[in-house]
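A short write-up of the structure that comes next.
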Amino acid sequence: MDVTLADIHAAAKVIRGVADATPLVPSPFMSARTGADFLLKLENMQPIGAFKIRGAMNAVAALGPDVAGVTCVSTGNHGRGVAYAAAQRGMRAVICMSSLVPQAKVDGIKALGAEVRTIGISQDEAQVETDRLVAEEGMVEISPFDDPHVIAGQGTIGLEIMAARPDIETLLVPLSGGGLAAGIARAAKAIKPGVKVIGISMDRGAAMYESLQAGKPVEVPEFASLADSLGGGIGLQNKLSFAMCRELLDDVVLLSEEEIYHGMQTLYYEDRIVAEGACVVGLAAVLAGKITPIGPVATTITGRNLNMDMFTRIVTGQDVQLGDVTVPGRAYKAAS
Ligand SMILES: *Cc1c(COP(=O)(O)O)cnc(C)c1O
């Protein structure tokens with residue numbers, strides 16, 4: 001199993017007019033900092049507020065007419081994408097989540113007409129219900145990252161960036177289960193083999209990073225993070241995203257919560273963009289001096305579905321409590 005440039009071009013046709021063509025805009029601040037054109041791909045402007053609509057649309061469109069419905073485990077954005085795509089096809093969708101998922105995300109998914117099952121306090125417990133729906137009710141499970149149609153859908157971001165700016169030399173990609181990074185890297189490197197693709201995760205519970213280090217998928221403990229969309233495992237039975245990330249990523253960089261906090265402030269104050277912690281890791285890694293990109297460089301602002309109370313605390317420089325960890329508050333000051 002693999003995902004090819006042809007698969008990604010096919011996905012682009014499937015999602016056209018619904019989930020494509022987000023703006024690629026310059027960040028004057030980051031361009032001045034790096035001395036290179038620094039571009040932001042604004043997936044926060046997607047109809048569901050995140051890029052996951054691309055993969056979900058492509059995966060749901062690939063299903064035959066006799067499918068009883070679709071199901072998935074999700075902490076939010078993928079579930080929202082699957083719910084949106086299923087609604088477009090008039091198909092039943094059941095999104096399984098743990099009781100840790102915030103009510104606002106649950107309400108967003110229900111508003112799209114999907115059923116929500118809340119089970120247990122972990123992704124693993126929610127998975128049991130998804131497995132039951134597949135076994136007993138004939139529903140089809142759509143993985144958030146380990147599915148060829150999902151990866152091809154996310155890869156359309158790479159096509160759009162390279163079409164808009166063929167001179168791109170470096171792509172900075174937020175990294176969790178690796179569907180996004182695998183898709184973008186496959187598209188970009190098929191078009192321009194010399195382009196560098198760097199994945200970025202938080203430094204606690206970085207499942208893909210730990211798995212790449214170990215040479216095989218491993219389990220990691222899950223921690224609360226400002227980059228909550230980057231949490232969770234890659235699956236010990238990972239079929240595709242691990243192998244693709246191992247083949248295609250030039251490097252993986254890890255960030256502290258303080259560095260992510262500063263990245264969120266910077267994107268807000270300098271570019272006036274409201275985005276999740278998961279989205280700012282590309283510019284945060286550059287600001288932290290952990291990546292010195294060769295330009296032109298593009299990073300994907302992956303989504304905007306964040307807790308606004310927490311966001312307000314961050315942009316006003318207050319402490320943020322994450323489980324048993326406190327991220328110390330700090331008023332925004334542009335790093336020099
Ligand atoms: C899912 C997600 C990611 C990471 O994507 P993967 O394919 O799991 O690596 C990054 N940012 C946001 C906002 C997401 O929802």
Side-chain angles (χ1 to χ4, degrees), residues 3 19 22 40-46 48-56 58-59 72-84 97 101-102 105 108-109 123 142-158 171-187 197-202 205-209 211-212 217 220 222 225-235 238 240-242 244-246 248-249 252 255 260 263-264 267 273-285 299-307 311:
V3 175
T22 52
L40 309 173
K41 179 69 169 161
L42 299 184
E43 290 295 300
N44 54 314
M45 296 180 73
Q46 289 284 6
I48 63 154
F51 74 88
K52 291 240 173 40
I53 190 173
R54 294 179 184 256
N58 194 43
C72 66
V73 177
S74 174
T75 53
N77 287 336
H78 176 64
R80 209 154 171 159
V82 168
Y84 186 96
M97 299 188 284
V101 174
K105 280 193 164 154
I109 291 168
Q123 300 259 92
I142 300 177
S143 163
F145 51 82
D146 199 26
D147 175 298
H149 289 101
V150 169
I151 293 174
Q154 323 303 34
T156 59
I157 296 171
L171 292 162
L172 307 178
V173 187
L175 177 66
S176 177
L180 177 67
I184 288 180
R186 174 63 83 220
V197 184
I198 303 173
I200 306 111
S201 303
M202 66 284 154
M208 184 60 81
Y209 174 84
S211 299
L212 291 169
V220 295
E222 215 171 311
S225 171
L226 292 176
D228 56 286
S229 286
L230 302 185
I234 69 164
N238 189 291
L240 190 54
S241 68
F242 172 72
M244 289 184 73
C245 285
R246 185 167 54 182
L248 295 164
L249 294 186
V252 177
L255 293 181
I260 297 169
M264 292 173 80
L267 189 66
I273 293 173
V274 176
E276 296 182 39
C279 312
V280 303
V281 293
L283 65 131
T299 191
T300 300
I301 305 302
T302 45
R304 61 159 190 251
N305 297 323
L306 80 178
N307 175 326
F311 187 72

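As the structure lists them, so they are numbered: ligands from 1, and atoms in each ligand from 1. As the structure is a prediction and not an experimental result, all values here were calculated from the model.
Residue-level proximity to ligand 1 for L230 is carried by the side chain, the only part with a heavy atom below 4.0 angstrom.
At the top of the distance list for atom 13 (C) of ligand 1, counting protein heavy atoms only, stands T302 OG1, 3.3 Å. Among all non-hydrogen protein atoms, the one lying nearest atom 8 (O) of ligand 1 is G177 N, 2.9 Å. For atom 5 (O) of ligand 1, the closest heavy atom belonging to the protein is F51 CZ, 3.6 Å.
Remark: the backbone N or O of S143 is not paired with any side-chain donor or acceptor of D147 at under 3.5 angstrom. Put simply, the side chain of D146 never gets that close to the backbone of F242: no donor and acceptor are under 3.5 Å apart. In this structure, the side chain of H78 engages the main chain of I142 through a donor-acceptor pair within 3.5 Å.
When each atom of ligand 1 is checked for a heavy atom of G179 under 4.0 Å away, the hits are 6 (P), 7 (O), 9 (O). Taking every non-hydrogen atom of A278 and a distance limit under 4.0 Å, the qualifying atoms of ligand 1 come out as 11 (N).
Looking at P174 next to ligand 1, no N or O pair under 3.5 Å apart turns up. Checked by distance only, ligand 1 and F145 stay at 3.5 Å or farther apart across all their nitrogen or oxygen atoms. Here's the thing with L180: one of its N/O atoms is less than 3.5 angstrom from an N/O atom of ligand 1.
With hydrogens and angles left out, the side-chain atoms of T299 and K41 include no donor and acceptor closer than 3.5 Å. There is no side-chain donor-acceptor pair under 3.5 Å between N77 and S74.
Summarising the contacts of atom 3 (C) of ligand 1 with Q154, E43, K52, E276, the nearest heavy atom is found in K52. If you check each of G199, S176, S143, G232 against atom 4 (C) of ligand 1, the one with the closest non-hydrogen atom is S176.
Not a single heavy atom of A50 lies less than 4.0 angstrom from ligand 1.
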Hey, mind stepping through R54 and E43 against salt bridge (Lys or Arg N to Asp or Glu O under 4.0 Å) and telling me if it holds?
CA-CA 10 Å; R54 294 179 184 256; E43 290 295 300; 2.7 Å; yes
Go through N58 and Q154 one step at a time and tell me if the side chain to side chain donor-acceptor pair (under 3.5 Å) criterion holds.
CA-CA 9 Å; N58 194 43; Q154 323 303 34; over 6 Å; no
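Taking a 6.0 Å sphere around OH of Y209, one finds it holds 12 or fewer heavy atoms contributed by other residues, nucleotides or ligands.
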